[in-house]
Amino acid sequence: MGHAKTRNAPKAGRALPLVLALLAAPALAQTPSEAQWRPASEIATHLAENGFRVMKLDREHDGYEADLIDRQGNRVEARVNPVTAELVSTKSEGRAGPVQEQWLTLAQVARHLEGKGFTVRKIETEATGYEVDLTDRAGARTEARIDPMSGETLSSKPD
């Protein structure tokens with residue numbers, strides 16, 4: 001009887017991967033050190049190169065939070081890995097309005113308004129269209145929101 005085998009003893013080949021996985025688990029769960037994080041400019045560039053228009057980028061304690069507009073014009077709220085710049089999670093927020101690539105250019109909007117007799121003092125691209133400071137022929141100053149697809153005035157108020 002000298003050769004009894006123990007049936008419950010783990011085989012040497014199976015125990016090592018389990019031990020390595022247990023040792024590595026805490027390292028995988030940790031947030032990367034801030035020294036490993038990409039700067040906001042690189043995160044924004046990566047997102048833009050992947051078809052998103054970045055509307056907001058906030059650095060949080062565990063990564064970046066971004067408000068984005070995708071190629072189809074949908075608003076997307078996303079969590080972004082601070083090291084890889086990959087999207088960790090996304091939440092659709094509905095339509096964002098016209099896709100900016102379909103908008104009239106800033107020059108086209110200015111020309112359209114000047115053709116109506118306005119002097120354009122300032123024009124800015126906003127998330128949903130253009131904001132313009134104008135002077136009419138009588139010298140009255142106006143601040144207007146302009147539809148980015150048609151160039152028409154959506155709202156205005158004295159400036």
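Along the sequence shown, residues carry numbers from 1.
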Engineer: Would you name the heavy atoms of Leu68 and Ala66 that are closest together and state the gap between them?
Structural biologist: CD2-CB, 3.8 Å
Engineer: Start with the C-alpha gap between Leu134 and Thr119, add the side-chain angles, then the distance that decides, and say whether side chain to side chain contact (heavy atoms under 4.5 Å, CB included) holds.
Structural biologist: CA-CA 6 Å; Leu134 306 164; Thr119 299; over 6 Å; no
Engineer: Going from CD1 on Ile123 to OG1 on Thr125, what distance comes out if it is rounded to the nearest 0.5 angstrom?
Structural biologist: 7.0 Å
Engineer: In residues 82-90, what donor-acceptor pairs under 3.5 Å come from side-chain atoms, sequence neighbours left out?
Structural biologist:
| residue | atom | partner | partner atom | Å |
| --- | --- | --- | --- | --- |
| Thr84 | OG1 | Asn81 | OD1 | 3.4 |
| Thr84 | OG1 | Glu86 | N | 3.2 |
| Glu86 | OE2 | His46 | NE2 | 3.2 |

Engineer: Charged N to carboxylate O under 4.0 angstrom, Arg79 versus Asp62?
Structural biologist: yes
Engineer: In Å, rounded to the nearest 0.5 Å, how long is the span from CD of Glu77 to CD of Glu65?
Structural biologist: 5.0 Å
Engineer: Working to the nearest 0.5 Å, report the span between CG of Asn50 and OG1 of Thr45.
Structural biologist: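 OG1 of Thr45 is found 11.0 Å from CG of Asn50.
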Engineer: Over all heavy atoms of both residues, which pair between Leu57 and Ala40 is shortest? Give the atoms and the distance, please.
Structural biologist: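 Smallest heavy-atom distance, with atoms named: CD2-O, 3.5 Å.
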Engineer: Could you check whether any side-chain heavy atom of Ile43 comes within less than 4.5 Å of a side-chain heavy atom of Val54, counting everything from C-beta outward?
Structural biologist: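 Not touching, per the 4.5 Å side-chain cut-off.
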Engineer: Quick check against the 3.5 Å criterion: does Tyr130 have a side-chain atom that pairs as donor or acceptor with the backbone of Leu104?
Structural biologist: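 Flag set: sc Tyr130 to bb Leu104 pair under 3.5 Å.
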Engineer: Show the nearest heavy-atom pair for residues Glu60 and Trp37, with the distance to one decimal.
Structural biologist: O-CH2, 3.1 Å
Engineer: Can you give me the closest heavy-atom contact between Tyr64 and Arg59, atom names plus distance?
Structural biologist: OH-NH1, 3.3 Å
Engineer: Rounded to the nearest 0.5 Å, what separation is found between the CD1 atom of Ile69 and the CG atom of Leu47?
Structural biologist: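 So the gap between those two atoms works out to 13.0 Å.
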Engineer: Under 3.5 Å, side-chain donor or acceptor atoms of residues 151-159 against the rest of the protein: list the pairs with distances, not counting sequence neighbours.
Structural biologist:
| residue | atom | partner | partner atom | Å |
| --- | --- | --- | --- | --- |
| Glu152 | OE1 | Lys116 | NZ | 3.0 |
| Glu152 | OE2 | His112 | NE2 | 3.1 |
| Asp159 | OD2 | Arg121 | NH2 | 2.7 |

Engineer: List the steps and the verdict of side chain to side chain donor-acceptor pair (under 3.5 Å) for Arg145 and Thr128.
Structural biologist: CA-CA 9 Å; Arg145 293 186 38 77; Thr128 58; 2.9 Å; yes
Engineer: Output, in order, the C-alpha distance, side-chain angles, deciding distance and verdict of side chain to side chain contact (heavy atoms under 4.5 Å, CB included) for Arg75 and Met55.
Structural biologist: CA-CA 9 Å; Arg75 293 181 310 164; Met55 303 306 294; over 6 Å; no
Engineer: Going through the distances and angles, do Lys91 and Val76 end up as a side chain to side chain contact (heavy atoms under 4.5 Å, CB included)?
Structural biologist: CA-CA 6 Å; Lys91 177 180 168 188; Val76 177; over 6 Å; no
Engineer: In Å, rounded to the nearest 0.5 Å, how long is the span from NZ of Lys122 to CG of Asp133?
Structural biologist: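 CG of Asp133 is found 5.0 Å from NZ of Lys122.
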